[in-house]
Protein chains: 2
Amino acid sequence: MVKNEKDQSAEERILMAAKKVFVTRGLSGARMQDIADEAGINKALLHYYFRNKEKLFETIFAELFTGLFPRLRNIFESDLPLFDKIERFCSEYIDYMLQNPHAPIFVLNEIHQRPEWFVKKALRGGIVNLDKLIQQITSEIKAGRIISINPIQLIMHMLSLCIFPFIGKPMLASVMEIGEETFLALMEARKKEVPKFIIGSIKK
Amino acid sequence: MVKNEKDQSAEERILMAAKKVFVTRGLSGARMQDIADEAGINKALLHYYFRNKEKLFETIFAELFTGLFPRLRNIFESDLPLFDKIERFCSEYIDYMLQNPHAPIFVLNEIHQRPEWFVKKALRGGIVNLDKLIQQITSEIKAGRIISINPIQLIMHMLSLCIFPFIGKPMLASVMEIGEETFLALMEARKKEVPKFIIGSIKK
DNA sequence: GTCTATATTCCGATAGAC
DNA sequence: GTCTATCGGAATATAGAC
């Protein structure tokens with residue numbers, strides 16, 4: 001536990017603590033004891049509020065997943081012109097991850113380790129519909145405003161350029177010898193840099 | 001255990017089994033019993049060949065990490081012209097991951113969960129030296145052959161575009177409804193697609 | 001609601017026969 | 001080298017007092 005424990009209800013402190021511990025250690029690496037310590041309460045209280053470890057985990061996962069992916073809908077399914085859509089997507093997405101830098105690797109790793117569970121438990125509520133975006137890309141190609149490209153590949157480019165740096169951060173930090181402030185500055189710059197890079201490549 | 005157990009020594013079968021289990025479940029999620037079962041041997045034998053779980057893990061991690069990153073050196077530190085270097089990097093890197101599709105998320109997740117351990121245990125033998133590549137990019141900019149761009153950002157673009165699809169695969173597969181064959185075809189195409197995309201953006 | 005104490009399950013590791 | 005059996009600790013979960 002860090003500070004201001006009495007500022008929030010026990011339940012809120014548990015959620016904050018659980019988020020921190022799960023996100024850094026993963027489901028199987030997290031210890032209920034660590035979460036209790038971090039929240040400044042007793043282990044038994046975790047079971048009082050959330051029945052068991054799995055339920056607590058699902059709560060945290062759902063929150064982070066919702067922040068990461070369904071957020072795409074608002075942008076992808078909007079009526080913006082393609083280039084504006086790309087700019088807005090990159091900027092908002094990187095902004096979200098600057099506030100939750102551990103979310104991407106945590107979420108993607110848990111999906112990787114239990115894809116079946118993910119499909120059954122976390123994917124309720126529908127998936128992101130890419131049809132509109134794909135069609136938009138296709139018609140820009142037909143109109144001759146952008147080069148010919150497989151829309152799926154282009155979407156993968158966008159996601160890759162925005163998300164990967166946060167996943168690779170610990171590795172990049174040690175391998176490339178990049179410190180925390182440098183990293184933040186690079187990510188801040190990427191909000192403009194990435195859309196410029198993408199549009200620079202596809203614009204005719 | 002799957003088949004042909006008698007084709008290899010116990011040690012080799014253990015390594016194959018451990019790789020499979022560690023890579024899908026991570027260090028904390030992997031069970032020695034599962035590895036033993038997968039290898040078709042007894043749990044005690046794991047401790048006979050490798051002293052404990054951590055040592056076995058380190059062996060597997062080192063193998064995968066070596067395959068992933070030091071491989072960069074041969075390309076990054078070579079004397080190829082920049083565009084050739086980019087093409088070769090993307091092609092070889094994606095090829096490696098097509099053969100070890102789980103390696104990136106496994107390696108990056110373990111580094112994320114224990115960055116200190118990584119720096120102490122796995123980073124011996126030096127790091128990738130990016131000076132040459134950075135200088136090469138800088139001089140291409142000065143020569144007016146490519147647009148002005150922060151070399152670090154460009155290198156991040158390259159890594160992102162090659163690695164991320166493998167990390168996001170389980171999520172992309174369910175969210176975008178992409179099957180196994182489709183995914184493989186997309187990755188195969190990316191070996192040409194990504195360098196084309198990059199060069200298309202930076203070439204003057 | 002919150003705690004202490006304890007039950008219970010699980011898992012890494014070892015002992016020791018063959 | 002390979003096995004069976006078991007130990008001992010760790011971690012989740014529950015019982016029950018306050």
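Side chains included, hydrogens not; waters and symmetry mates left out as well; all remaining heavy atoms used. In what follows, every chain begins at residue 1, and chains take the letters A, B, ... in the order their sequences are listed.
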Atom pair distance, as rounded to whole Å: [atom1] in [X] and [atom2] in [N]:
X	N	atom1	atom2	answer
Asp37(A)	dA11(D)	CG	P	12 Å
Leu45(A)	dT12(D)	CG	P	16 Å
Lys55(A)	dT12(D)	NZ	P	16 Å
Asp34(B)	dG12(C)	CG	P	9 Å
Ile35(A)	dT12(D)	CD1	P	8 Å
Leu46(B)	dG1(D)	CG	C1'	13 Å
Arg25(A)	dA11(D)	CZ	P	10 Å
Leu56(B)	dC11(C)	CG	P	16 Å

So what does Asn42(B) touch, heavy atoms closer than 4.0 Å: a base, only the sugar-phosphate, or nothing? base

If you check the [X] side chain, which of [options] turns out closest?
X	options	result
Lys43(B)	dG1(C), dA13(C), dT14(C)	dA13(C)
Ala10(B)	dT2(D), dG1(C), dT14(D)	dT2(D)
Met32(A)	dA13(D), dG12(C), dC3(D)	dA13(D)
Tyr49(A)	dT2(C), dG12(C), dT12(D)	dT2(C)

Over all heavy atoms of both residues, which pair between Ile147(B) and Ser201(B) is shortest? Give the atoms and the distance, please. CD1-O, 3.7 Å

[X] vs [N]: side-chain N/O to OP1/OP2 distance below 4.0 Å:
X	N	result
Arg31(B)	dG12(C)	yes
His47(B)	dT14(C)	no
Arg51(B)	dA13(C)	no

Between Asp37(B) and Gln33(B), a side-chain donor and acceptor under 3.5 Å: yes

How far does CG of Leu172(A) sit from CD1 of Ile152(B), to the nearest 0.5 angstrom? 9.5 Å

CZ of Arg190(B) to CZ of Phe197(B): how many Å apart, nearest 0.5 Å? 9.0 Å

Could you say whether Ala44(B) or Asn52(A) is positioned toward the 5' end of DNA chain D, judged by the nucleotide with the nearest heavy atom to each? Ala44(B)

So that I can tick it off, tell me whether Lys19(A) and Glu63(A) are bridged by a salt bridge, with the cut-off set at under 4.0 angstrom between side-chain N and carboxylate O. yes

